[in-house]
Amino acid sequence: MESQSESVVSAPMRRPRVWTVLVAFVVMFGLLVTGSVLVNHVATGIEAAKAGVDPSDSVAQAALQGKVEALPWPTVAVVMMVGTVALSLALLGGRLSPQPLRDRLRLRAGVPLPAWAWGVAAVGCFAVGQSLESLAVLTGAWSWTGSLKGFEAASQGPLGTFALLLFFGSPVAGTAEELFFRGYVQTRLVERWGPRAGVVGAATLFGLLHLDPVHGPITLMVALFLGWLAVHTGSVRLPIFVHILNNGASFLLGRYAPPSSEYPTTVHTALLCVSALVVVGAVTLLRRIPEAPKTEAPAMLASA
């Protein structure tokens, strides 16, 4: 007669389900697209009323779009939505999982980190974004972006509006997006597909969410760096810290430094070269940290 232990060992293992996190992403994507369209419609209506434009005049309405894109509050409203939706879905998905929330979202401490790792990771992440931003300006692709110009406009808005942008765009969005993309989505993709494919898959979804030909690829590359940090350390704590600092620094520079497009070519060339070297140096240093042991999702915990 087959023993009970042999029966358990020979039982087929259920593979972790990916469709749950993909559905969560589709829900997030749909909510944010709908919300963005609604915010744009409201902003256009307000500006049309101020200018006395007939709502049925499509030509005049289209002419207002340039003015609407330069308004700071629609960008801030969208940022607030992103943080709220991402945090809600991450916590909901984590609560629905049979795993403890801290395990499902990788909120535990992970491997011990030396103090220097936090600073090196933050500088490395900022260098990734800066190198790609400079590359976009040098190649002329910067003119294609809408969302990054919207962030510049929002950063230059009234102090109260900027304070909302800084709060919801840095600690709120940084925490919420990491909990959803690196904690909820990437954790499951890594369990199913392995570290490389899981990190790339989550980063691709993160880039797609931004719906911008320039901002999307930049955020994808930043997400690859953050995703690698999460896998290497076994926790989302370092990515959350890095994401918050990166966003905060970007908004502060957007307010108190000249717009990126106004820097001369020589400055962007130097920034591109230096930033690329900084990224290589940061990754080299961070690889010295012992990697977190690879974990697999138990068959009984493969639902959410």
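The structure displayed is predicted, hence computed values, not measured ones.
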Verify, without hydrogens or angle tests, whether [X] (side chain) and [Y] (backbone) share a donor-acceptor contact under 3.5 angstrom.
X	Y	result
T233	V111	no
R192	P16	yes
R104	Y184	yes
Q156	G254	yes
T219	G216	yes
S170	F167	no
R106	D103	yes
D212	T145	no
E152	P259	no

Over 12 foreign heavy atoms within 6.0 Å of CZ, R287: no

Atom CH2 of W116: over 12 foreign heavy atoms under 6.0 Å: yes

Residue pair V27, V85: steps toward the side chain to side chain contact (heavy atoms under 4.5 Å, CB included) verdict: CA-CA 9 Å; V27 170; V85 172; over 6 Å; no

Any [X] side-chain heavy atom under 4.5 Å of [Y] side chain:
X	Y	answer
V82	L32	yes
L132	V214	no
S155	L165	yes
Q99	S97	yes

Where do [X] and [Y] come nearest, in terms of heavy atoms and distance?
X	Y	value
A176	G83	CB-O, 3.3 Å
G227	V199	O-CG2, 3.8 Å
L229	A121	CD1-CB, 4.0 Å
V231	P195	CG1-CB, 4.1 Å
Q130	L271	NE2-CD1, 3.7 Å
W118	L113	CZ2-CD1, 3.7 Å

Aromatic plane relationship, H210 with F206 - under 30° parallel, 30 to 60° tilted, over 60° perpendicular: perpendicular

F151 and F251 aromatic ring geometry - parallel, tilted or perpendicular at 30°/60° bounds: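 Taking F151 first and then F251, their aromatic rings sit tilted (interplane angle of 30° to 60°).
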
Quick check for you: to the nearest 0.5 Å, what is the distance between [X] atom [atom1] and [Y] atom [atom2]?
X	Y	atom1	atom2	value
L189	Q186	CG	CD	7.5 Å
T84	L89	OG1	CG	10.5 Å
F181	L226	CZ	CG	12.0 Å
F162	L159	CZ	CG	8.0 Å
L220	L224	CG	CG	5.0 Å
S250	L148	OG	CG	9.5 Å

So if you build clusters from Ile, Leu, Val, Met, Phe, Trp, Tyr with side-chain heavy-atom gaps below 4.5 Å, do [X] and [Y] land together?
X	Y	result
V267	L135	no
F241	L252	yes
I218	V280	no
V26	V21	no
V274	V137	no

Ion pair E191/R188, N-O distance below 4.0 Å: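 A salt bridge links E191 with R188.
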
Qualifying residue, where the test is side-chain contact (heavy atoms from CB on, under 4.5 Å) with F126 and the options are L253, L245, N247: L253

Between S260 and E133, a side-chain donor and acceptor under 3.5 Å: yes

Test side chain to side chain contact (heavy atoms under 4.5 Å, CB included) applied to L209 and M28, step by step: CA-CA 9 Å; L209 185 71; M28 170 186 278; 3.9 Å; yes

